[in-house]
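Just so we're on the same page: letters track the sequence lines, and every chain starts at 1.
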2 protein chains.
Amino acid sequence: MATQRMHTEARREQIARAALDLLISRGIEEFNITDLGESVGLVPSAIYRHFRGKEEVLNAALDVFRDKLFGLVEVARDEADNPLETLEVLLSHHAKLIAKGKFMPHVMLSSDMASDQTSRRAKILRILAGYLRKIEAIVREGQKEGVIRQDADPQTIALLFIGMIQPAALLRHAEGVNLDISAHVARVWKLFNKAIASE
Amino acid sequence: MATQRMHTEARREQIARAALDLLISRGIEEFNITDLGESVGLVPSAIYRHFRGKEEVLNAALDVFRDKLFGLVEVARDEADNPLETLEVLLSHHAKLIAKGKFMPHVMLSSDMASDQTSRRAKILRILAGYLRKIEAIVREGQKEGVIRQDADPQTIALLFIGMIQPAALLRHAEGVNLDISAHVARVWKLFNKAIASE
DNA sequence: TTATCTTGTGAATAGTTATTCACTTGGAGG
DNA sequence: CCTCCAAGTGAATAACTATTCACAAGATAA
């Protein structure tokens, strides 16, 4: 046996993380159990000691993704003093992760990950909807505190917030597009701020 | 022979359009030659009379997509009187297509479509970058005419423009998210306008 | 130490799908 | 009307990949 044994709980965790990494770096089309096994030093069949099958692995990877994503929000809340600043911090944390290639765009951007026939689509949408609601909540706090304009719909603002980063993440490596994510985020934040801040 | 014969040119066209439809409705993961053939009333092997293989079909589908996407810009230019209005019209046309399920999000949103190992990734990014540049050009015209603020970077504005619609397209059918795309677009346009219009 | 449970292995299986090929046949042009 | 090419067919092939299973070997507890 070439590989160290691990308790199934730790192994599941490791596999789920590795799966997410593979999804992020290569996308669902090329995701397969053989490569996943290899990435954690296991033979393909060993994966089945810890998961019922591929769908369950993907499911677990999405859980890891959700935790990472929601975790970002908590960190931003901790670091900021008011809701508007929370959004700004959250945006810049996203930017850093994307710049490091450690995050989206594949999973978060991806509706392809969401095959209609499985429950994956529903799960991804649930995660993203949850994220949206968290941002909406921050917006509402900002409106209550008077730092965000009250005549705008929180959902609309939250969607635009996500829109500040999504296209940039996707296009950052396109030919002829020279895009430093952090610099972009700083610029687009100024526009966003102008749109939503109270006068 | 169950199926009407067609000249290869017309058939190629038909197949490419059908391929795009399948990509939009089901995503790359479930895209296969058998279903594609069926959708145009052909046996799988018949596809190979008109294309060298799957990649060439996908390539042709992307061409169709590009033409549709770029076509939208031309239509918007025709219908509008000034650059700011062009953007508004373009946004509402996107919204209509998305509402009809006739367009994204799969292809446009999708970096999964873009496997690293083929040239697909590069092609998609090229198309999206081309679209971005067209929007940038409209923005520049608006700045020249004085309807768009001059102290903002056109690329940043263009990316935010795309960001107005992308997340909404993805999330419109998530549980607990009730989202009428056209209404969303009307609301978000007001914010965007506030951010970019000259005072 | 020994019995037992769990994790890992490698070979086998089965289903899917892209692709090829020998063939048929519709139809356009002589 | 005949010929011939292009378009369509269906069967065969060849990967690839998910999944199963019998077996091997750490680990743990008695």
Side-chain angles (χ1 to χ4, degrees), chain A residues 1-23 25-62 112-120, chain B residues 1-23 25-62 112-120:
Chain A
M1 220 169 294
T3 303
Q4 279 290 309
R5 284 169 71 103
M6 283 174 73
H7 288 287
T8 194
E9 210 162 318
R11 195 58 110 180
R12 266 186 77 98
E13 187 78 18
Q14 182 198 25
I15 292 171
R17 288 174 192 282
L20 183 60
D21 283 347
L22 283 177
L23 286 172
S25 64
R26 299 204 223 147
I28 184 72
E29 193 184 0
E30 295 182 28
F31 179 86
N32 65 64
I33 299 293
T34 305
D35 289 353
L36 175 60
E38 199 171 322
S39 78
V40 292
L42 287 177
V43 110
S45 59
I47 302 293
Y48 293 83
R49 287 274 166 240
H50 311 287
F51 294 91
R52 291 171 152 292
K54 190 183 185 182
E55 279 302 317
E56 197 176 290
V57 174
L58 290 172
N59 200 61
L62 284 178
D112 276 340
M113 177 74 190
S115 136
D116 259 75
Q117 297 178 0
T118 65
S119 59
R120 255 187 282 152
Chain B
M1 217 168 298
T3 304
Q4 280 288 310
R5 284 168 70 104
M6 283 174 72
H7 287 286
T8 196
E9 210 162 318
R11 196 56 110 180
R12 265 186 77 98
E13 187 79 17
Q14 183 200 22
I15 292 169
R17 287 176 192 281
L20 182 60
D21 283 348
L22 284 178
L23 286 172
S25 63
R26 299 204 224 146
I28 185 71
E29 192 183 0
E30 295 182 28
F31 178 87
N32 65 63
I33 299 294
T34 306
D35 289 353
L36 176 61
E38 199 171 324
S39 77
V40 292
L42 287 177
V43 111
S45 59
I47 303 293
Y48 292 83
R49 288 276 165 238
H50 311 287
F51 294 91
R52 291 171 152 309
K54 191 184 185 181
E55 279 303 316
E56 197 177 291
V57 174
L58 290 172
N59 200 60
L62 285 178
D112 276 339
M113 178 72 192
S115 134
D116 259 73
Q117 298 179 2
T118 66
S119 58
R120 254 188 282 153

*How close or far is atom C1' of D:dA18 from atom CZ of A:R49, stated in whole angstroms?*
16 Å
For residues 39-53 of chain B, dump all side-chain donor-acceptor pairs below 3.5 Å to protein atoms at least two apart in sequence or in another chain.
unit_1, atom_1, unit_2, atom_2, d
B:S39, OG, B:L36, O, 2.7
B:H50, ND1, B:T8, OG1, 2.6

_Go through it in stages, so that I can follow the logic: the residues are A:R17 and A:Q14, the test is side chain to side chain donor-acceptor pair (under 3.5 Å), and I'd like the CA-CA distance, side-chain angles, deciding distance and then a yes or no._
CA-CA 5 Å; A:R17 288 174 192 282; A:Q14 182 198 25; over 6 Å; no
*What is the distance from CD of B:E56 to P of C:dT20, rounded to the nearest Å?*
12 Å
*Under 4.5 Å between any side-chain heavy atoms of B:R12 and B:E56, yes or no?*
yes
*Quickly work out the B:I47 CD1 to D:dA7 P distance and round it to whole Å.*
13 Å
_If you define the side chain from C-beta out and look only at heavy atoms, does anything of A:L58 sit under 4.5 Å from A:I28?_
yes
*Are OP1 or OP2 of D:dG8 and a side-chain N or O of B:H50 less than 4.0 angstrom apart?*
yes
Close N or O pairs between protein and nucleotides 10-13 of chain C (under 3.5 Å):
unit_1, atom_1, unit_2, atom_2, d
C:dG10, N7, A:S45, OG, 3.3
C:dG10, O6, A:S45, OG, 2.5

*Atom-to-atom span, CZ of B:F51 to P of C:dA18 - whole angstrom*: 14 Å
_As a test of reading the structure: which of C:dG27, C:dT7, C:dA18 is closest to the side chain of B:R5, going by heavy atoms?_
C:dG27
*asked:* Let me confirm one number: the CD1-CD1 distance from A:I15 to A:I33, rounded to the nearest 0.5 Å.
replied: 9.0 Å
*Send over the distance from B:D35 CG to C:dT16 C1', rounded to a whole Å.*
11 Å
*Which atoms form the tightest heavy-atom contact between B:D35 and B:N32, and what is the distance?*
N-OD1, 2.7 Å
*Is B:F31 touching bases, backbone alone, or none of the nucleic acid, heavy atoms closer than 4.0 Å?*
sugar-phosphate
*OP1 or OP2 of D:dG8 less than 4.0 angstrom from a side-chain nitrogen or oxygen of B:R11, does that happen here?*
yes
*To the nearest Å, give me how far apart CD (B:E38) and P (D:dG10) are.*
13 Å
*asked:* Can you identify which nucleotide, out of C:dT19, D:dA7, D:dA18, has its nearest atom closest to the A:Y48 side chain?
replied: D:dA18
*Could you please name the option among D:dG8, D:dA18, C:dG8 that lies closest to any side-chain atom of B:M6?*
D:dG8
*Between C:dT6 (P) and A:Q4 (CD): distance, integer Å*: 19 Å
*Nearest-Å distance, CG (A:L22) to P (D:dT17)?*
13 Å
